[in-house]
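What follows is a short report on a single structure.
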Amino acid sequence: MDEETHERIRNAVARVPAGKVASYGDIAALAGASNPRFVGRVLKEDGFDLPWHRIVRTDGTVAKPHQLPRLRDEGLEIPGNRIDMNRYRWDPGDYSPAKN
DNA sequence: ATTTTGACTACTG
DNA sequence: ACAGTAGCCAAAA
């Protein structure tokens with residue numbers, strides 16, 4: 001894998017604001033990763049100091065349930081085991097350009 | 001070198 | 001809502 005892509009993924013995840021979430025596909029596209037699975041791999045191996053709990057599936061479900069209480073702690077209102085993507089999905093264009 | 005697996009996504013039934 | 005299938009890329013066995 002490319003170190004550059006790896007770093008871009010970490011960077012993309014790092015700039016997801018608290019109280020918002022992004023899908024793996026979003027991060028992949030934002031970071032220029034080949035595919036969403038690569039994002040998950042990076043988070044698992046090098047995401048220990050990143051807000052990986054803000055990265056959820058496109059349908060609002062999460063890969064690891066323990067991120068739900070954690071997201072709630074960041075201010076998200078999660079009625080059940082699913083996140084309201086329509087409301088909490090982070091829009092990278094609305095935040096800041098990216099760079100880097 | 002080939003196969004399996006994975007913190008994925010989308011489509012179909 | 002849930003199970004199966006396909007496409008996808010990289011690391012690990």
Side-chain angles (χ1 to χ4, degrees):
Chain A
M1 73 198 220
D2 296 291
E3 297 281 320
E4 185 177 296
T5 303
H6 190 114
E7 290 301 299
R8 282 159 77 82
I9 290 171
R10 291 178 54 176
N11 194 342
V13 174
R15 60 176 187 255
V16 175
K20 293 244 180 173
V21 298
S23 73
Y24 292 88
D26 287 349
I27 297 299
L30 186 63
S34 322
N35 63 324
R37 308 193 84 146
F38 190 70
V39 176
R41 186 170 304 281
V42 172
L43 292 182
K44 183 169 63 101
E45 298 188 6
D46 273 324
F48 45 82
D49 52 307
L50 291 172
W52 55 271
H53 50 272
R54 296 185 193 139
I55 311 305
V56 302
R57 300 193 192 229
T58 57
D59 61 341
T61 58
V62 295
K64 302 236 163 120
H66 60 288
Q67 54 190 147
L68 283 172
R70 210 175 161 127
L71 288 167
R72 289 193 183 102
D73 186 54
E74 295 197 342
L76 279 72
E77 299 173 40
I78 306 167
N81 56 325
R82 183 158 158 170
I83 299 164
D84 187 343
M85 293 301 282
N86 186 54
R87 177 177 171 181
Y88 294 116
R89 177 120 116 117
W90 174 52
D91 183 346
D94 176 64
Y95 196 54
S96 228
K99 40 206 132 107
N100 194 7

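So you know, we letter chains A, B, ... as the sequences are listed, proteins then strands, and number each from 1.
For A:R57, a side-chain nitrogen or oxygen approaches OP1 or OP2 of B:dC8 to under 4.0 Å. The shortest distance between the side-chain N/O atoms of A:S23 and the OP1/OP2 oxygens of B:dC8 is not below 4.0 Å.
In the set C:dG7, C:dA11, B:dA7, the nucleotide with an atom closest to the side chain of A:L43 is B:dA7. Comparing B:dT9, B:dA7, C:dA10 by their nearest atom to the side chain of A:S34 picks out C:dA10. In this structure, the nucleotide among B:dT9, C:dC9, C:dA11 sitting nearest to the side chain of A:N35 is C:dC9. Closest to the A:W52 side chain, of the nucleotides B:dA7, B:dT9, C:dG7, is B:dA7. When distances run from any side-chain atom of A:Y24 to the nucleotides B:dG6, B:dC8, B:dA10, the shortest one goes to B:dC8. The side chain of A:R82 sits closest to C:dA1 out of B:dA7, C:dA1, B:dG6. Looking at the side chain of A:R37, the nearest of the listed nucleotides B:dC8, C:dA1, C:dA10 is B:dC8.
At least one side-chain heavy atom of A:L68 sits under 4.5 Å from a side-chain heavy atom of A:I83. A 4.5 Å side-chain heavy-atom check between A:I27 and A:V16 finds at least one atom pair inside the cut-off.
The shortest non-hydrogen separation linking A:W52 to A:Q67 is O-NE2, 3.6 Å. Taking each heavy atom of A:R8 and A:L30 in turn, the nearest pair found is NH2-O, 4.4 Å.
Atoms CZ (A:R70) and C1' (B:dA7) sit 14 Å apart, rounded to a whole Å. Residue A:E45 contributes atom CD, which lies 18 Å from atom P of C:dC9 at whole-angstrom precision. One atom, NZ of A:K44, and another, P of B:dC8, lie 11 Å apart when rounded to the nearest Å. Distance CG (A:D59) to P (B:dA10): 9 Å, rounded to an integer number of Å. Distance A:R41 CZ to B:dT4 C1': 11 Å, rounded to the nearest Å. In this structure, A:M85 places its CE atom 10 Å from P of B:dA10, rounding to the nearest Å. Straight-line distance from the CD1 atom of A:I9 to the P atom of C:dC9: 13 Å, rounded to whole Å.
Nucleotides B:dA1 and C:dA13 are separated by 13 Å at their C1' atoms, to the nearest Å.
A donor-acceptor pair under 3.5 Å is formed between the side chain of A:R82 and the backbone N or O of A:D59.
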